[in-house]
Amino acid sequence: MQRRLAFKLFVAAAMGGTAIALRGEESTASNHVAWVAEFLKRMQAIQPGMIRAALDGAFTTEGGLSTRSRRTFVSRDCPYFKVDVDFRAVAEMENGNDIIAAISKPYLEFQVGD
């Protein structure tokens, strides 16, 4: 159901003000644009220098190939919003204190399964 919601939100935003029916209620494109903007602010709050644990509130790991030093994370609210994160290890084993060395700009992509 979240996939359909995300798709409808992006369609509405692209239509520039056209109202669409969403779960039986009228929603305007401006509401969708505001929702996406708030979403992006939360995602962009994660910055290099923060620790791996800072990702837990807004993101979860995605399936597919990853390593300790580089992993793709998906938004908890919409799995199509993603970021790629590079880490610097602070201990022998992966843990929540690994340092975020770099984080990509948020992007859209379909889910990857294992």
Side-chain angles (χ1 to χ4, degrees):
M1 190 55 85
Q2 281 186 346
R3 291 179 193 168
R4 288 184 188 156
L5 174 61
F7 179 75
K8 288 180 181 181
L9 292 173
F10 288 109
V11 168
M15 293 174 71
T18 304
I20 63 168
L22 182 62
R23 292 191 184 171
E25 297 178 15
E26 283 296 311
S27 297
T28 63
S30 62
N31 291 346
H32 301 309
V33 170
W35 181 83
V36 170
E38 186 59 35
F39 204 49
L40 287 172
K41 286 179 193 174
R42 284 190 15 195
M43 293 174 73
Q44 291 176 331
I46 307 298
Q47 298 292 317
M50 299 173 92
I51 61 172
R52 183 185 296 264
L55 293 161
D56 291 342
F59 296 96
T60 188
T61 56
E62 180 174 48
L65 298 175
S66 65
T67 66
R68 177 182 184 183
S69 63
R70 183 169 179 85
R71 186 159 294 156
T72 298
F73 288 82
V74 299
S75 167
R76 291 186 180 275
D77 296 324
C78 177
Y80 299 130
F81 284 108
K82 301 180 181 191
V83 290
D84 296 319
V85 183
D86 294 329
F87 294 98
R88 189 176 73 242
V90 296
E92 192 171 318
M93 300 294 293
E94 178 179 317
N95 66 58
N97 291 322
D98 288 342
I99 304 296
I100 297 171
I103 185 166
S104 70
K105 289 184 178 184
Y107 62 93
L108 292 171
E109 185 176 75
F110 286 110
Q111 289 180 283
V112 174
D114 284 333

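- Across Ala101 and Pro48, no two heavy atoms sit closer than the pair O-CB, 3.6 Å.
- Hydrophobic clustering (side-chain heavy atoms under 4.5 Å, transitive across Ile, Leu, Val, Met, Phe, Trp, Tyr) groups Val83 together with Phe110.
- Residues Phe81 and Val85 share a hydrophobic cluster, clusters being chains of Ile/Leu/Val/Met/Phe/Trp/Tyr side chains in contact below 4.5 Å.
- Of the inter-residue distances, the one linking Asp98 atom CG with Asp86 atom CG reads 12.0 Å to the nearest 0.5 angstrom.
- Minimum heavy-atom separation, Ser75 to Phe39: OG-CZ, 2.7 Å.
- When all heavy atoms of Arg52 and Ile100 are compared, the closest pair comes out as N-CG1, 4.3 Å.
- Using a 4.5 Å cut-off on side-chain heavy atoms (C-beta onward), Thr72 and Glu109 make no contact.
- Atom CZ of Phe73 and atom CD1 of Ile46 lie 10.0 Å apart (nearest 0.5 Å).
- In the hydrophobic clustering of ILVMFWY residues, with side-chain heavy atoms under 4.5 Å counting as a link, Phe87 and Met93 come out apart.
- Closest heavy-atom contact between Asn97 and Val90: O-CG2, 3.3 Å.
- In terms of heavy atoms, Arg68 sits closest to Ala91 at NH2-O, 2.8 Å.
- Scanning both residues, Arg76 and Asp56, for their nearest heavy atoms gives NE-O, 2.7 Å.
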Stepwise side chain to side chain contact (heavy atoms under 4.5 Å, CB included) check, Arg71 with Leu55
CA-CA 11 Å; Arg71 186 159 294 156; Leu55 293 161; over 6 Å; no

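- In the hydrophobic cluster analysis, where Ile, Leu, Val, Met, Phe, Trp and Tyr join through side-chain heavy atoms closer than 4.5 angstrom, Met43 is grouped together with Met50.
- At a threshold of 4.5 Å between non-hydrogen side-chain atoms, the residues Thr28 and Asn31 count as touching.
- Here the straight-line distance linking atom CG of Leu40 with atom CH2 of Trp35 works out to 9.0 Å at 0.5 Å rounding.
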